[in-house]
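Single-structure report; data block below.
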Amino acid sequence: MKINYKNSPDNKGYFGRYGGQIIPPELKSLFDQIAQEYEKAKKDPQFIKEYKNLLKNYVGRPSPLYLAKNLSQKLGGAKIYLKREDLNHTGAHKINHTIGEALLAKRMGKKKLLAETGAGQHGVALATAAALVGLECEIHMGAIDIKKQQPNVSRLRLLGAKIVSVNSGGRCLKDAVDSAFNAFLKDPQNIFFGIGSVVGPHPFPMIVRDFQSIVGQEAKEQIIEQAGRLPDYLIACIGGGSNAIGLFHEFLNDDVKMIGAEPSGRSFKDGDHAATLTLGSPGEIHGMFTYLLQNKKGEPMPVHSIASGLDYPGVGPIHADLKDKKRIDYVTISDSEALEAFQILTKSEGIIPALESSHALAQAIKLAPQLELDKIIIVNLSGRGDKDLDYVEKILKQKIDKPKK
Ligand SMILES: *Cc1c(COP(=O)(O)O)cnc(C)c1O
């Protein structure tokens with residue numbers, strides 16, 4: 001029997017054996033209420049109309065599907081198409097689901113959107129949606145990240161978000177998650193927790209997946225219009241997995257190969273990477289059962305990637321399931337490979353990609369020359385690289401300044 005890969009999660013939130021709701025029992029009704037309201041919203045033509053209207057006239061969808069001719073010719077193999085999520089308002093795919101979350105929160109009568117943020121990208125996307133829909137917004141951010149990410153901190157402030165500086169633990173993303181969740185628990189009636197990826201307890205992985213799947217729906221129509229057929233490969237980078245499943249979901253039951261690119265960072269040593277599906281094992285994190293990078297006690301390990309949007313020790317449960325079912329291949333890309341891909345795309349096409357998206361590009365750059373000229377690869381260009389310019393310049397300068405041996 002053929003597996004229907006799109007037919008998940010079940011009504012308890014399981015994708016195969018992964019996902020679920022690992023939360024204190026007293027919170028269960030809270031999450032179930034969100035699931036029920038979401039099911040109603042999904043069937044409400046008014047809700048869908050408002051969401052689609054904002055995607056079109058505010059975000060700027062559909063995002064183009066662009067045949068990167070120069071890059072493809074340079075590599076001398078398969079044709080590479082780019083799904084241009086970098087052209088969305090705010091510069092990445094995240095706005096697709098934060099607007100959906102904001103509309104759902106408003107529909108449920110909530111007053112405030114709340115979340116944590118690491119580099120600030122999710123915080124900015126959520127604060128933007130809050131400003132648009134007319135909700136308050138509160139963003140928890142590690143004190144160290146606040147220092148490192150000044151432009152995004154300014155954006156958050158200007159957008160009217162309340163920024164909570166987190167001074168506990170390592171003062172980074174993991175501590176911000178704990179802080180945000182505690183703040184949410186103090187007033188769950190008025191607050192909607194705006195999750196940043198296809199992670200967390202049910203129904204969040206499903207809700208974020210559904211809102212992001214617009215990416216693949218558009219890509220399918222666009223590639224049929226431009227090339228007259230389905231692609232051979234889809235490639236996307238994996239942090240929590242939202243941009244990847246956004247592109248993949250519509251194609252899961254088709255004869256199309258899919259590759260998720262995880263960051264192997266500086267090396268495969270503990271703490272040097274965030275290659276969760278490649279090197280992790282099943283366990284519990286942030287209210288879900290999924291693959292994670294964990295120590296012997298089951299605690300999440302420190303992670304690293306040159307792309308701050310990818311340094312997460314867990315991954316969305318849908319990817320854990322699709323890995324086990326061998327529907328999607330998960331591979332690793334190092335910091336230096338991503339940096340190289342960043343420069344190759346910029347010089348060959350005049351498109352500056354986000355360092356996250358550069359991981360997907362690096363995989364396409366490896367794969368394309370091995371394929372025939374008539375093969376087609378679609379890469380999800382999840383975001384633009386403006387946010388990474390200072391950092392990239394600093395690294396490239398260090399390389400140049402290093403004396404040659
Ligand atoms: C946040 C981010 C990612 C990683 O998140 P996913 O949920 O894995 O998509 C990837 N690309 C960009 C540009 C991002 O901002």
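We number each residue from 1, following the sequence as shown. On a predicted model such as this, the values are computed, not experimentally measured, just so you know. First listed ligand is number 1; within each ligand, the first listed atom is number 1.
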Checking the N or O distance criterion of under 3.5 Å, is ligand 1 in contact with [X]?
X      : result
Asn243 : yes
Gln121 : no
Gly383 : no
Ser242 : yes
Gly239 : yes
Ala92  : no
Ser197 : yes

Sidechain N-carboxylate O distance under 4.0 Å for Asp44, Arg107: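 Salt bridge flag = yes for Arg107 with Asp44.
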Between Lys6 and Glu250, is there a salt bridge with N-O shorter than 4.0 Å?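 Judged by the 4.0 Å cut-off on N to carboxylate O distance, Glu250 and Lys6 do form a salt bridge.
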Indicate the ring-plane relationship of Phe47 and Phe211, choosing parallel, tilted or perpendicular according to the 30° and 60° boundaries.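 The arrangement is tilted - the two ring planes meet at 30° to 60°.
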Would you say the ring centers of Tyr14 and Phe289 fall short of 6.0 Å from each other?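 Ring centres of Phe289 and Tyr14 not closer than 6.0 Å.
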NZ (Lys111) with more than 12 external heavy atoms under 6.0 Å: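 For Lys111, atom NZ is not crowded (no more than 12 foreign heavy atoms under 6.0 Å).
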Numbered atoms and elements of ligand 1 in range of Gly241, under 4.0 angstrom, heavy atoms: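 Within the 4.0 Å cut-off of Gly241, ligand 1 contributes 6 (P), 7 (O), 8 (O).
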For ligand 1, which atoms sit closer than 4.0 Å to a heavy atom of Cys237?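 So the answer, numbered in order with elements, is 10 (C).
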Heavy-atom distances under 4.0 Å are what count here, so tell me which part of His93 touches ligand 1: side chain, backbone, both or neither.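 For His93, only side-chain atoms sit under 4.0 Å from ligand 1.
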Ligand 1 contact on Glu85 by region, counting heavy-atom pairs under 4.0 Å: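 No part of Glu85 is near ligand 1 at this cut-off.
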Scan the side chains in residues 312-324 for donor-acceptor partners under 3.5 Å anywhere in the protein, sequence neighbours excluded, and list what turns up.
residue, atom, partner, partner atom, Å
Tyr312, OH, His286, ND1, 2.8
His319, ND1, Tyr330, OH, 2.8
His319, NE2, Gly241, O, 2.9
Asp321, OD1, Lys325, NZ, 3.1
Asp321, OD2, Lys325, NZ, 2.9
Lys323, NZ, Leu277, O, 3.0
Asp324, OD1, Tyr291, OH, 2.8
Asp324, OD2, Tyr18, OH, 2.5

No-hydrogen, no-angle side-chain donor-acceptor test under 3.5 Å, Asn295 and Glu299: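 Short answer, yes.
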Side-chain donor-acceptor pair present, Glu356, Asn243, cut-off under 3.5 Å: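 Short answer, no.
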For atom 15 (O) of ligand 1, which protein heavy atom lies nearest, and how many Å away is it?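 Answer for atom 15 (O) of ligand 1: Lys94 NZ, 2.5 Å.
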